[in-house]
Amino acid sequence: MSRQVFLYDPPDRFVAGTVGMPGRRTFFLQATAGPRTTSVALEKTQVAALAERMDELLDEVVRRSGGNAAVPAVAPTEIADSAPLDTPIEEEFRVGTMALAWDGEEERMIVEAQALVELEADSEEDLAEAEERLLQDEENGPPMLRVRLTGAQARAFAKRALDVVNAGRPPCPLCSLPLDPEGHVCPRQNGYRRGA
């Protein structure tokens with residue numbers, strides 16, 4: 001079975017968003033081009049890590065180019081996207097691994113999100129070999145979302161993604177874990193339940 005690659009080069013829209021109430025949200029990456037939309041589910045920590053790494057990579061591109069790269073220092077307000085995810089949301093797959101790269105010739109950020117794959121192995125060495133084969137198999141690997149963004153689009157994506165992550169439950173002032181409306185067992189208080 002050949003690998004299914006959802007390619008958006010360029011997308012009309014590429015955003016991170018959520019469905020559900022804080023504390024029970026499902027996070028998605030969603031790419032749209034014309035009538036075609038692809039939505040993939042992932043964890044909150046994956047969204048945060050992607051946005052942070054994207055900003056770091058863009059900062060490095062600006063630094064290495066001496067400021068000559070077509071990458072804005074901050075997200076341009078004119079392309080900010082605060083609209084909700086396009087509906088209906090049909091999850092293509094759950095993200096397992098992600099990768100970022102910068103194409104210096106075309107000045108594009110490449111984002112890849114690959115489906116989560118359950119591997120079985122008898123030992124850690126066998127598992128490592130299976131993972132390596134899977135990553136190198138460009139034709140038969142798991143489904144993948146691949147998006148190519150301009151520097152401005154990447155900055156806008158990263159800002160929105162961090163805003164979405166931070167829009168959840170407020171953090172505990174002592175341990176920084178999310179507070180639940182019912183309260184929170186704080187590890188810094190030796191399990192004493194704090195009110196929200």
Side-chain angles (χ1 to χ4, degrees), residues 2-62 65 69-116 138 141-169:
S2 67
R3 165 180 269 185
Q4 186 174 15
V5 177
F6 302 93
L7 177 62
Y8 290 83
D9 183 14
D12 295 333
R13 182 177 194 226
F14 181 58
V15 295
T18 63
V19 173
M21 299 300 294
R24 292 172 177 72
R25 297 186 296 172
T26 301
F27 287 78
F28 290 94
L29 296 179
Q30 191 175 74
T32 304
R36 187 171 64 107
T37 298
T38 303
S39 302
V40 297
L42 68 171
E43 299 297 323
K44 177 181 181 177
T45 55
Q46 290 175 298
V47 174
L50 177 62
E52 290 165 5
R53 299 301 180 274
M54 193 176 280
D55 268 339
E56 290 170 5
L57 179 56
L58 291 170
D59 290 344
E60 183 66 15
V61 167
V62 170
S65 72
V71 176
V74 295
T77 55
E78 62 272 9
I79 64 168
D81 184 344
S82 59
L85 295 173
D86 295 330
T87 56
I89 298 170
E90 297 176 10
E91 179 183 322
E92 294 294 338
F93 58 84
R94 178 157 287 281
V95 175
T97 58
M98 294 184 295
L100 283 177
W102 179 257
D103 180 343
E105 288 183 19
E106 294 188 27
E107 294 195 324
R108 295 287 186 264
M109 170 79 66
I110 303 164
V111 181
E112 292 183 348
Q114 186 170 281
L116 180 65
E138 194 61 34
M144 175 191 296
L145 171 64
R146 181 178 292 144
V147 181
R148 294 175 56 87
L149 305 168
T150 65
Q153 288 174 315
R155 284 283 191 210
F157 171 87
K159 181 180 181 332
R160 176 186 165 129
L162 289 174
D163 290 346
V164 165
V165 167
N166 294 327
R169 298 173 285 169

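Numbering starts at 1 and runs along the sequence shown. Just the heavy atoms: all of them, side chains too, but no hydrogens, waters or symmetry mates, feed the values below.
Note on Lys159 versus Asp55: no salt bridge recorded, every NZ/NE/NH1/NH2 to OD/OE distance being 4.0 Å or above.
Residues Ile89 and Gln30 have side chains in contact (heavy-atom distance under 4.5 Å, counting atoms from C-beta outward). A 4.5 Å side-chain heavy-atom check between Trp102 and Glu107 finds at least one atom pair inside the cut-off. The shortest side-chain heavy-atom distance between Thr32 and Pro11 does not fall under the 4.5 Å cut-off. Taking 4.5 Å as the limit, every side-chain heavy atom of Glu112 sits out of range of all side-chain heavy atoms of Met98. Contact annotation: the side chain of Arg155 approaches that of Leu58 to within less than 4.5 Å [non-hydrogen atoms, C-beta and beyond]. With a 4.5 Å cut-off on side-chain heavy atoms, Phe28 and Val19 count as touching. The side-chain heavy atoms of Arg53 and Leu50, taken from C-beta on, include no pair separated by under 4.5 Å. Using a 4.5 Å heavy-atom cutoff, the side chains of Met54 and Val111 are in contact.
Scanning both residues, Arg160 and Val15, for their nearest heavy atoms gives NE-CB, 3.6 Å. In plain terms, the two heavy atoms of Gly151 and Pro72 that are nearest each other are C-CD, 3.8 Å. Residue Val47 comes nearest to Ala161 through the heavy atom pair CG1-CB, 3.9 Å, listed as atom of the first residue, atom of the second, then distance. The two residues Leu57 and Ala101 have their closest heavy-atom pair at CD2-C, 4.0 Å. Minimum heavy-atom separation, Leu29 to Ala113: CD1-CB, 4.4 Å. In terms of heavy-atom proximity, Ala16 sits nearest to Val164 at O-CG2, 3.6 Å.
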List the steps, then state whether side-chain contact (heavy atoms from CB on, under 4.5 Å) holds for Met144 with Gln4.
CA-CA 6 Å; Met144 175 191 296; Gln4 186 174 15; over 6 Å; no
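The side chain to side chain donor-acceptor pair (under 3.5 Å) with Asp9 is formed by just one residue from the set Arg108, Arg146, Arg148; it is Arg148.
Side-chain atoms of Glu92 and Thr38 form no donor-acceptor pair, as typed in the model, at a separation below 3.5 Å. A donor and an acceptor atom, one from each side chain of Gln153 and Arg13, are nowhere located under 3.5 Å apart.
Distance alone, capped at 3.5 Å, is enough to place a donor-acceptor pair between the Arg3 side chain and the Pro142 backbone. Within the 3.5 Å criterion, the main-chain N or O of Ala49 finds no donor-acceptor partner in the side chain of Glu52.
Rounding to the nearest 0.5 Å gives a distance of 12.0 Å between OG1 of Thr37 and CZ of Phe6. With values rounded to the nearest 0.5 angstrom, Asp86 atom CG is found 7.5 Å from Ser39 atom OG. Atom-to-atom distance recorded for Ile110:CD1 and Leu149:CG is 9.5 Å, nearest 0.5 angstrom.
A cation-pi geometry, defined here as NZ or CZ lying under 6.0 Å from the six-membered ring centre and within 45° of its normal, holds between Arg36 and Tyr8.
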